[in-house]
**Student:** 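Please read through the structure below; I'll follow up with questions.
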Amino acid sequence: MIEICRVRLLVDFGLLILIWIVQLIIYPSFSHFSKEDLIEWHRKYTALMGFIVAPLMLAELGIYLVTLFTKPNIWNIVATVLVIIIWVMTFAQFVPMHKAISKGQVDDILLEKLVRKNWGRTVLWSILFMLGSLTCL
């Protein structure tokens, strides 16, 4: 089980770094584009980001589900619930916002909402990594 723990930490760390870059640099930078330039860039950004985010999120979900069923304990239950919450937030809130931007339905309110709501995922992924670090050591 130690090896899956190390792989989980590696995946969690990748997502932790990624979400902090998104939160502090990428999402705030959207407000510095003209609407036309943002729409053009955003379409490229989401396609390219998908190649990075999708495998990491799928790996994370798979690892947490495997550990939940092979070693059911409070930590694995809580961690899996956090991962599921992140997935729900991503697909219920962020995918629609990104689709709106790509369709040109973008304004300062949407961009501010994107940054503000992303703090939730940033905090959850940070907690997930910290808790994972404590349980793997």
Side-chain angles (χ1 to χ4, degrees):
M1 197 56 124
I2 190 72
E3 290 307 314
I4 198 164
C5 193
R6 289 181 182 164
V7 172
R8 186 184 73 215
L9 270 179
L10 184 61
V11 170
D12 285 348
F13 186 68
L15 285 163
L16 175 74
I17 296 302
L18 183 65
I19 197 67
W20 277 98
I21 291 170
V22 166
Q23 183 61 31
L24 297 177
I25 299 168
I26 296 172
Y27 283 176
S29 75
F30 287 177
S31 65
H32 296 284
F33 286 87
S34 68
K35 183 177 179 179
E36 296 76 22
D37 288 343
L38 176 59
I39 294 165
E40 182 180 338
W41 165 244
H42 187 266
R43 288 180 184 142
K44 295 174 188 173
Y45 161 79
T46 53
L48 294 170
M49 189 60 89
F51 286 113
I52 298 168
V53 174
L56 286 171
M57 285 185 70
L58 286 169
E60 178 185 56
L61 180 63
I63 290 166
Y64 278 96
L65 288 174
V66 166
T67 56
L68 176 65
F69 290 110
T70 58
K71 190 177 178 187
N73 59 39
I74 190 66
W75 150 247
N76 288 331
I77 293 167
V78 169
T80 303
V81 167
L82 290 177
V83 170
I84 291 168
I85 290 170
I86 291 168
W87 272 70
V88 169
M89 290 172 71
T90 298
F91 289 98
Q93 296 177 346
F94 292 90
V95 168
M97 285 191 275
H98 282 289
K99 283 184 179 182
I101 294 169
S102 290
K103 290 179 182 177
Q105 302 165 344
V106 59
D107 56 22
D108 290 339
I109 294 169
L110 177 61
L111 297 179
E112 182 181 303
K113 183 178 172 183
L114 189 66
V115 172
R116 187 180 68 253
K117 287 191 172 280
N118 197 54
W119 276 113
R121 292 191 306 176
T122 303
V123 167
L124 290 177
W125 260 316
S126 298
I127 291 169
L128 199 57
F129 177 74
M130 288 184 283
L131 290 175
S133 296
L134 293 174
T135 61
C136 273
L137 299 177

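On a predicted model such as this, the values are computed, not experimentally measured, just so you know.
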**Student:** Answer yes or no: are there more than 12 heavy-atom neighbours, outside Q105 itself, under 6.0 Å from its atom CD?
**Tutor:**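 Yes, enclosed.
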**Student:** Under 4.5 Å between side-chain heavy atoms, counting indirect links through other Ile/Leu/Val/Met/Phe/Trp/Tyr residues: same cluster for I25 and M97 or not?
**Tutor:**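 Same hydrophobic cluster.
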**Student:** Kindly indicate whether the side chain of M49, heavy atoms from C-beta on, has any atom under 4.5 Å from the side chain of I26.
**Tutor:**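 They are in side-chain contact.
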**Student:** Would you indicate whether the side-chain heavy atoms of V22 and T122 approach each other to under 4.5 Å?
**Tutor:**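 Side-chain contact under 4.5 Å: no.
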**Student:** If we ignore angles and hydrogens, is there a donor and acceptor under 3.5 Å between the side chains of E60 and W125?
**Tutor:**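 Yes, because at least one side-chain N or O of E60 sits under 3.5 Å from a partner of the opposite role on W125.
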**Student:** Please work out whether the ring planes of Y45 and W41 are parallel, tilted or perpendicular, with thresholds of 30° and 60°.
**Tutor:**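 Tilted, since the angle between the ring planes falls between 30° and 60°.
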**Student:** Using side-chain heavy atoms (C-beta onward) and a distance below 4.5 Å, is L9 in contact with S133?
**Tutor:**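 Yes, side chains in contact.
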**Student:** Let me see the working for V83 and L124 under side chain to side chain contact (heavy atoms under 4.5 Å, CB included), right down to the final yes or no.
**Tutor:** CA-CA 8 Å; V83 170; L124 290 177; over 6 Å; no
**Student:** Should Y64 and L128 count as side-chain neighbours, where that means a heavy-atom distance under 4.5 Å?
**Tutor:**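 When only atoms from C-beta onward are counted, L128 and Y64 do touch, with a gap below 4.5 Å.
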**Student:** Quick one: do L114 and I109 end up in the same hydrophobic cluster if we chain Ile, Leu, Val, Met, Phe, Trp and Tyr together by side-chain heavy atoms under 4.5 Å apart?
**Tutor:**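 In one cluster: no.
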**Student:** Do M57 and V88 land in one hydrophobic cluster if side-chain heavy atoms of ILVMFWY residues count as linked below 4.5 Å?
**Tutor:**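 In one cluster with M57: V88, no.
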**Student:** What residue pairs, at least two apart or across chains, pass salt bridge (charged side-chain N to carboxylate O under 4.0 Å, His left out) with a residue in residues 11-39?
**Tutor:**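 Output for this query is empty, none listed.
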**Student:** Quick one: do the H98 and T46 side chains pair a donor with an acceptor below 3.5 Å?
**Tutor:**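 Absent: no donor and acceptor within the cut-off.
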**Student:** Looking at I86, L56, I52, which hits side chain to side chain contact (heavy atoms under 4.5 Å, CB included) with L15?
**Tutor:**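 When side chain to side chain contact (heavy atoms under 4.5 Å, CB included) is applied between L15 and each of I86, L56, I52, only L56 qualifies.
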**Student:** Hey, is CG on L48 packed in by over 12 heavy atoms from elsewhere, all under 6.0 Å?
**Tutor:**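 Correct, the count exceeds 12.
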**Student:** Could you check whether any side-chain heavy atom of Y27 comes within less than 4.5 Å of a side-chain heavy atom of L111, counting everything from C-beta outward?
**Tutor:**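 No; the side chains remain at least 4.5 Å from each other.
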**Student:** State the CZ-CG distance between R8 and N76, to the nearest 0.5 angstrom.
**Tutor:**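 If I round to the nearest 0.5 Å, the distance is 6.5 Å.
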**Student:** Report the distance from atom CZ of F13 to atom CD1 of I17, rounding to the nearest 0.5 Å.
**Tutor:**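 Atom-to-atom, F13:CZ and I17:CD1 are 3.5 Å apart.
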**Student:** Please report the closest heavy-atom contact between A59 and V11, naming both atoms and the distance.
**Tutor:**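 What the structure gives for the nearest pair is CB-CG2, 4.2 Å.
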**Student:** Between atom CD1 of I63 and atom CG of L10, what is the distance when rounded to the nearest 0.5 Å?
**Tutor:**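 It is 8.5 Å, given to the nearest 0.5 Å.
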**Student:** So, taking the atom named CZ in F30 and the one named NE2 in H42, what distance separates them when rounded to the nearest 0.5 Å?
**Tutor:**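 Separation between the atoms: 4.5 Å.
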**Student:** Do V123 and V115 share a hydrophobic cluster (ILVMFWY, side-chain heavy atoms under 4.5 Å, transitive)?
**Tutor:**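 Yes; tracing contacts between hydrophobic side chains, which count when under 4.5 Å, links both residues.
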**Student:** In Å, rounded to the nearest 0.5 Å, how long is the span from CE of M130 to CG of L16?
**Tutor:**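 Taking CE in M130 and CG in L16, the distance rounds to 8.0 Å.
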**Student:** Verify whether one side chain among R121 and S126 offers a donor that lies under 3.5 Å from an acceptor in the other.
**Tutor:**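 The criterion, which ignores hydrogens and geometry beyond distance, is not satisfied for S126 and R121.
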**Student:** To the nearest 0.5 Å, tell me how far F69 CZ sits from T80 OG1.
**Tutor:**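 With rounding to 0.5 Å, CZ (F69) is 8.0 Å from OG1 (T80).
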